[in-house]
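To start, the structure under review is shown below, and the notes come after it.
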There are 2 protein chains.
Amino acid sequence: MLWDRGYTAASPRAILDRAEVGQGSMYYHFAGKETLALTALTANADALTARVETALRGRGSAARRIHAFLSMQREVLRGCPVGRMVSEPDVLESTVLFEVLTRTFQQTRDLLVAVVADGVQRRELRPDIDPAELADTVMAVVQGGYVLARAAGDAKPYHRAVRGARALVRLAEA
Amino acid sequence: MLWDRGYTAASPRAILDRAEVGQGSMYYHFAGKETLALTALTANADALTARVETALRGRGSAARRIHAFLSMQREVLRGCPVGRMVSEPDVLESTVLFEVLTRTFQQTRDLLVAVVADGVQRRELRPDIDPAELADTVMAVVQGGYVLARAAGDAKPYHRAVRGARALVRLAEA
DNA sequence: GTCTATACAACGATAGAC
DNA sequence: GTCTATCGTTGTATAGAC
């Protein structure tokens, strides 16, 4: 529900209905909505990071690993389970929730920067490529692809953006 | 307020307080919150589209015009006034609000596709560049840059993503 | 056209029985 | 541990005076 509707729109009542438990039951296990959301968001974020690691740690050249990251299967119209939180005021005001966002993005960034730096060092990628910049560009294409798709109500813009990015990364090969 | 807090978090009460008018006054001028938001969102979207047109219609090569689009001044940590709406359930459920999102993104896309197609045709850009793909990639970098910046609580990831995109676009020049 | 007062539902959370 | 009942607050909107 956090993924599909976001933090604010996922009300305790709706959560309890969906879980088919009574009104008060959630407060026995969780201090409140924020704590429950922290658990759910952490689970979503960790699952995502694990998949990202699998894609990026694969064998092959730097370009192939970046392609693998770009080509990961994603529920495009559902949006990114982590990235979609960044525009919710309540999430930004929650230290613990915001920290999950920051940490999750930083982990992916670190992995991508390492892949690119490795590729440059091995002369698979052009020497003038800046690893930090390319890493953020690639992440931005994915996050922005979600936005374009949701604004269009159609996954095609996401796939076009990703294919365009793959073509550009090929040009960055040495 | 729509820009800063989004649709759901911008409550009529808060709006009326900020406007320094009494509780009922807004309902004389607008049918409800949705109608007021439509007016505000349309104003934000039109202002943005006008600036995009200025950047993309400028003289210079296709690459220069794409660079101009990427380098437009943006309030990075505030997020995109249009793009930030895509994760709000109430906005997606509102036909009129959603239509503004769709239309605004489509207008920018059309302009960018034309610039890229023109560049390919003039042999300023490599012949294997797909205009629709590059256009969506460039838009995605901007939208995703906002997301990265907000998740980090820092504008730097946005600027890195955009600089990385500019570097890739230079590689796409013929 | 703007105001104050108020309606009614939903929100997040708690009480207290079992 | 889970339930039903309920609390106080806020969200969206309306009523009716001026």
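Order of the sequence lines fixes the chain letters, A, B, ..., with proteins taken first and strands second; residue numbering starts at 1 for each chain.
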Problem - Value in whole Å for how far the P atom of C:dT2 lies from CZ of B:Phe30 - result: 11 Å
Practice task
Could you identify which residues of residues 1-20 of chain A place a heavy atom less than 4.0 Å from some atom of DNA chain D, listed by residue number, or say none?
Solution key: none
Exercise for the section: Would you indicate, yes or no, if D:dT2 has its OP1 or OP2 atom less than 4.0 angstrom from a side-chain nitrogen or oxygen of A:Tyr28? Expected result: no
Problem - Any A:Tyr27 side-chain nitrogen or oxygen under 4.0 Å from OP1 or OP2 of C:dT14 - result: no
Practice task
Rounded to the nearest angstrom, tell me the gap between atom CG in B:Leu36 and atom P in D:dA13.
Solution key: 10 Å
Exercise for the section: Please say whether more than 12 non-hydrogen atoms of neighbouring residues, nucleotides or ligands are located less than 6.0 Å from CZ in A:Arg103. Expected result: yes
Problem - Electrostatic pair B:Arg163:A:Asp130 at N-O distance under 4.0 angstrom - result: no
Problem - Options C:dT4, D:dT2, D:dA5, nucleotide nearest the side-chain atoms of B:Gln23 - result: C:dT4
Handout entry: Interatomic distance where CE belongs to A:Met26 and C1' belongs to D:dC3 [whole Å]
Key = 16 Å
Problem - Passing candidate, side chain to side chain donor-acceptor pair (under 3.5 Å) with A:Gln106, options A:Thr108, A:Thr102, A:Asp110 - result: A:Asp110
Completion exercise
Contacts satisfying side chain to side chain donor-acceptor pair (under 3.5 Å) that involve residues 164-174 of chain A (not counting sequence neighbours) are A:Ser71-A:Arg166
Practice task
Ignoring hydrogens and angles, tell me if any N or O in the side chain of A:Arg65 forms a donor-acceptor pair with the backbone of A:Leu56 under 3.5 Å.
Solution key: yes
Exercise for the section: Can you tell me the distance, in whole Å, between the NE2 atom of B:His29 and the C1' atom of D:dA13? Expected result: 16 Å
Completion exercise
From the list B:Met1, B:Glu88, B:Arg84, side-chain contact (heavy atoms from CB on, under 4.5 Å) with B:Tyr7 holds only for B:Glu88
Practice task
Please check the phosphate of D:dC3 (OP1 and OP2 only) for any side-chain N or O of A:Ser25 closer than 4.0 Å.
Solution key: yes
